[in-house]
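Just so you know, residue 1 is the first one in the sequence shown, and it goes up from there. Nothing here was measured: the structure is a model prediction, and the numbers come from that model. In what follows, every heavy atom counts, from backbone to side chain, and hydrogens, waters and symmetry copies are set aside.
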Amino acid sequence: MPRAPRLTAFALSATVLFACGGTPSDTGAPAQPSKEQPAVTVAPVPPDPLALKVAQFAPAELYVDIDHLSPAEQATLDKLVTAARKMEPIFDRQSWAGNPALRERIIKEGNPFKLEYFDIMRGPWDRQDHFAPFATEYPHPPGAGFYPEDLSVDDFKRWISDHPADKAAFESLTTVIRRTSTGLTAVPYSEAYREWLGPAAELLRQAAATTENKSLKKFLESRAAAFASDDYYQSDKDWMDLDSPVEITIGPYETYEDELLGLKASFEAFVTVSDPKASADLARFKNYLPDMEQHLPIPDELKTKRGSESPIRVVDLVYSSGEARKSVQTIAFNLPNDEKVRAEKGAKKVLLRNLIATKFNIIMRKIGEQVLDGSQIRFLDDQAFFQEVLFHELSHSLGPAFTQKDGKKVDVRVALEASYAALEEAKADVMGAYNVLYMIERGEFPKDMREKLLISYFAGLFRSVRFGVAEAHGKGAALQINRLVEAGAATVDTASGKFKVDLDKLEAAISDLVRDICVIQHAGDKAAADALLAKYGVVSPAMQRTLDSFAGIPVDIRPLYPIAGEILPK
């Protein structure tokens with residue numbers, strides 16, 4: 001669905017200024033009342049609340065140098081961006097089936113702030129505020145657009161119990177559950193989203209015809225075929241082998257949107273230009289994955305062995321779409337999520353370098369200055385932040401992957417259902433810090449990285465919790481903060497609201513939390529996962545006071561992609 005032109009932050013700030021009674025001045029000085037007319041006092045008009053919400057997301061252009069690419073590669077890049085755009089209307093419907101029609105009504109209403117926030121949130125519910133409605137009167141359906149809105153977890157499980165032959169299709173990552181005159185049915189993505197997947201597949205095949213890179217050509221052709229077959233296994237393996245100056249990650253991956261059962265994958269795309277040298281510099285860490293697994297503070301029987309190829313890519317982001325472009329922008333990812341592929345080939349860690357740097361400069365440094373005791377601000381470090389991002393992604397490939405349920409081996413994701421995403425994000429965060437500390441111990445990083453890592457890790461959790469505890473990363477961050485504070489690893493000054501970190505206690509608390517999460521995952525204990533998140537995955541009063549001090553600091557950025565024709569107005 002074509003989108004209406006978006007109002008930029010600069011246009012928004014001007015609109016808010018005039019709504020509040022401001023007057024522009026060439027000199028920047030306050031406007032003076034006319035000498036011919038008596039001064040008139042005009043009560044300021046309060047700004048639209050949605051304008052203030054929009055202003056939380058700072059527009060930022062993400063630049064990428066493509067001059068070194070050959071004409072063929074630049075032509076391929078253009079095709080990939082066009083293919084990636086096709087994920088947008090699919091994700092709109094996966095977020096909620098009513099999104100396209102509601103957006104058209106909002107356009108007719110003529111409120112630019114509501115439209116802008118609707119586009120940022122990818123629907124009429126505020127992802128930063130427990131999915132509170134702002135453009136509808138209805139509550140957010142936990143099953144998003146993947147299930148009938150009135151379908152409960154018990155209804156789903158009862159149907160499978162009564163129709164065991166439907167189990168595989170109903171639990172598939174790539175089906176939508178619909179009601180029919182006779183009950184329920186599973187509709188394959190290839191059928192449900194044919195209108196966009198067909199053209200996307202054709203664009204991928206055209207890109208395959210222009211590229212000079214054999215690995216990219218192979219992936220594009222197999223992924224195009226997967227859009228029609230719903231079998232992503234081979235193309236996931238081809239993506240793992242991808243080694244090209246121009247790359248794309250495109251397809252159904254993450255299950256964050258499905259808060260009913262955590263089963264259904266959302267479509268997204270990342271179009272990137274890689275940096276082979278930077279990637280090679282980090283490649284040594286993948287060789288440590290088996291050692292990291294054995295070093296985990298968990299019983300030996302909980303340790304697993306997965307594929308250890310796990311390539312690491314440092315890339316610059318050219319364009320993103322679908323699930324990758326909702327409210328908060330991911331700065332790295334670890335794919336594929338298919339545990340069968342991971343068992344064979346591991347998972348690829350992709351770090352979006354230009355996005356990481358932009359977020360640290362615009363957001364992270366300012367947050368650290370508000371969170372931390374003044375004596376510890378000096379330890380905030382962009383390289384420590386970057387390494388925590390990297391080892392977060394590496395840690396997704398560590399710890400329990402499978403568990404037993406009803407006597408059968410199943411993915412931990414399936415066993416923990418909707419609690420899986422937040423717990424897994426918390427695991428990757430805290431285990432990432434644990435593994436950076438291990439690399440310091442092994443001599444891969446200098447010893448003075450310890451203070452920088454621990455301080456930057458703790459402060460970074462507040463960046464994530466701002467995303468809202470209705471979101472997996474935010475809830476996982478809240479869990480960590482509350483556990484760490486409970487352990488005495490950080491104490492808050494009641495007068496200033498600043499946190500002071502006890503480095504030794506923090507290191508011990510990190511180890512304890514890694515252990516506790518892995519034990520729950522290994523057991524597939526949904527009740528324990530639910531209890532842990534219910535107790536700790538909340539915003540405490542001290543945490544809220546700190547979050548309230550972030551006024552004026554963007555919650556996140558709104559990426560603009562000049563190569564894709566998206567630029568700030570002059």
Side-chain angles (χ1 to χ4, degrees), residues 275-297 308 310-315 331-332 334 349-361 363-369 371-398 427-464 480 484 487 489-490 499-514:
D275 184 331
K277 183 180 184 303
S279 300
D281 288 344
L282 298 180
R284 68 187 188 278
F285 294 122
K286 72 180 182 180
N287 298 325
Y288 276 113
L289 282 171
D291 288 348
M292 290 182 203
E293 181 75 36
Q294 293 308 308
H295 185 255
L296 292 177
S308 58
S310 296
I312 298 171
R313 292 284 188 272
V314 176
V315 304
I331 52 180
N334 179 69
K349 290 82 175 115
V350 180
L351 285 84
L352 306 173
R353 179 176 56 188
N354 55 346
L355 189 52
I356 293 172
T358 299
K359 287 204 186 194
F360 187 86
N361 292 326
I363 301 170
M364 179 60 200
R365 190 180 298 280
K366 295 176 183 177
I367 284 178
E369 291 169 353
V371 169
L372 296 169
D373 178 86
S375 66
Q376 295 185 320
I377 291 175
R378 70 183 189 278
F379 294 120
L380 277 175
D381 183 76
D382 59 346
Q383 286 305 305
F385 180 66
F386 183 89
Q387 297 304 339
E388 167 62 18
V389 172
L390 169 60
F391 280 82
H392 170 109
E393 300 306 333
L394 287 168
S395 295
H396 275 306
S397 295
L398 301 170
K427 183 208 81 173
D429 271 349
V430 70
M431 191 183 286
Y434 181 86
N435 283 321
V436 175
L437 293 170
Y438 178 47
M439 291 297 100
I440 294 171
E441 181 184 323
R442 295 288 297 258
E444 288 290 343
F445 296 124
K447 290 183 180 180
D448 66 359
M449 175 68 86
R450 176 176 181 263
E451 293 88 348
K452 296 174 183 177
L453 180 278
L454 289 171
I455 296 299
S456 299
Y457 157 70
F458 181 77
L461 295 175
F462 286 85
R463 182 187 70 88
S464 297
Q480 292 169 80
L484 299 175
F499 287 83
K500 188 167 187 177
V501 174
D502 183 312
L503 299 177
D504 292 338
K505 287 183 179 179
L506 179 54
E507 188 165 347
I510 285 171
S511 179
D512 290 344
L513 187 53
V514 169

With rounding to the nearest 0.5 angstrom, report the CD1 to CD distance, Ile510 to Gln480. 8.5 Å
If you take all heavy atoms of Ser456 and Asp381, which pair is closest and at what distance? OG-N, 3.2 Å
Looking only at heavy atoms, what is the nearest atom pair of Met449 and Ala384, with distance? SD-CB, 3.8 Å
Salt bridge (Lys or Arg N to Asp or Glu O under 4.0 Å) partners for Arg378, two or more places apart: none
Note, Leu380 side chain near Phe385 side chain (heavy atom, < 4.5 Å): no
Identify, with sequence neighbours excluded, every residue that meets salt bridge (Lys or Arg N to Asp or Glu O under 4.0 Å) alongside Asp275. Arg353
Residues in side chain to side chain donor-acceptor pair (under 3.5 Å) with Arg313, at least two apart? Glu247
For Asp512, which residues count as a side chain to side chain contact (heavy atoms under 4.5 Å, CB included) partner, sequence neighbours excluded? Arg483, Arg515
Set of ring pair (Phe, Tyr, Trp, His ring centres under 6.0 Å) partners for Tyr288, sequence neighbours left out: none
With sequence neighbours excluded, tell me which residues meet side chain to side chain donor-acceptor pair (under 3.5 Å) with Glu393. none
Please tell me if the side chains of Val314 and Ser279 come closer than 4.5 Å, counting only heavy atoms from C-beta onward. yes
For Leu513, is there any backbone N or O sitting under 3.5 Å from a side-chain donor or acceptor partner on Tyr434? no
Pair listing, salt bridge (charged side-chain N to carboxylate O under 4.0 Å, His left out) test, anchored in residues 437-461, at least two apart: Arg284-Glu444, Asp291-Arg442, Arg450-Asp504, Arg450-Glu507
Identify, with sequence neighbours excluded, every residue that meets ring pair (Phe, Tyr, Trp, His ring centres under 6.0 Å) alongside Phe391. Phe285
Pairwise distance CG(Leu394) to CD1(Ile312) - rounded to 0.5 angstrom: 5.0 Å
Assess whether side chain to side chain contact (heavy atoms under 4.5 Å, CB included) is satisfied between Lys500 and Gln376, documenting all intermediate values. CA-CA 7 Å; Lys500 188 167 187 177; Gln376 295 185 320; 3.9 Å; yes
Quick one: are Ile455 and Leu503 in side-chain contact, heavy atoms under 4.5 Å? yes
Not counting sequence neighbours, which residues clear side chain to side chain donor-acceptor pair (under 3.5 Å) with Asn435? List them please. Ser395
When rounded to the nearest 0.5 Å, the distance separating OG of Ser511 from CG of Leu296 is 9.5 Å
Side chains of Leu437 and Leu454: closer than 4.5 Å at any heavy-atom pair? yes
Distance from Leu390 atom CG to Lys286 atom NZ, nearest 0.5 Å? 12.5 Å
For Lys349, what residues pass the salt bridge (Lys or Arg N to Asp or Glu O under 4.0 Å) criterion, not counting sequence neighbours? none
Taken to the nearest 0.5 Å, the spacing of Leu453 CG from Gln383 CD works out to 12.0 Å
Approximate separation, where rounding is to 0.5 Å, of Asn334 CG and Leu351 CG: 10.0 Å
Partners of Asp502 by salt bridge (Lys or Arg N to Asp or Glu O under 4.0 Å), sequence neighbours excluded? none
Which residues pass the ring pair (Phe, Tyr, Trp, His ring centres under 6.0 Å) test with Phe458, not counting sequence neighbours? Phe462, Phe499
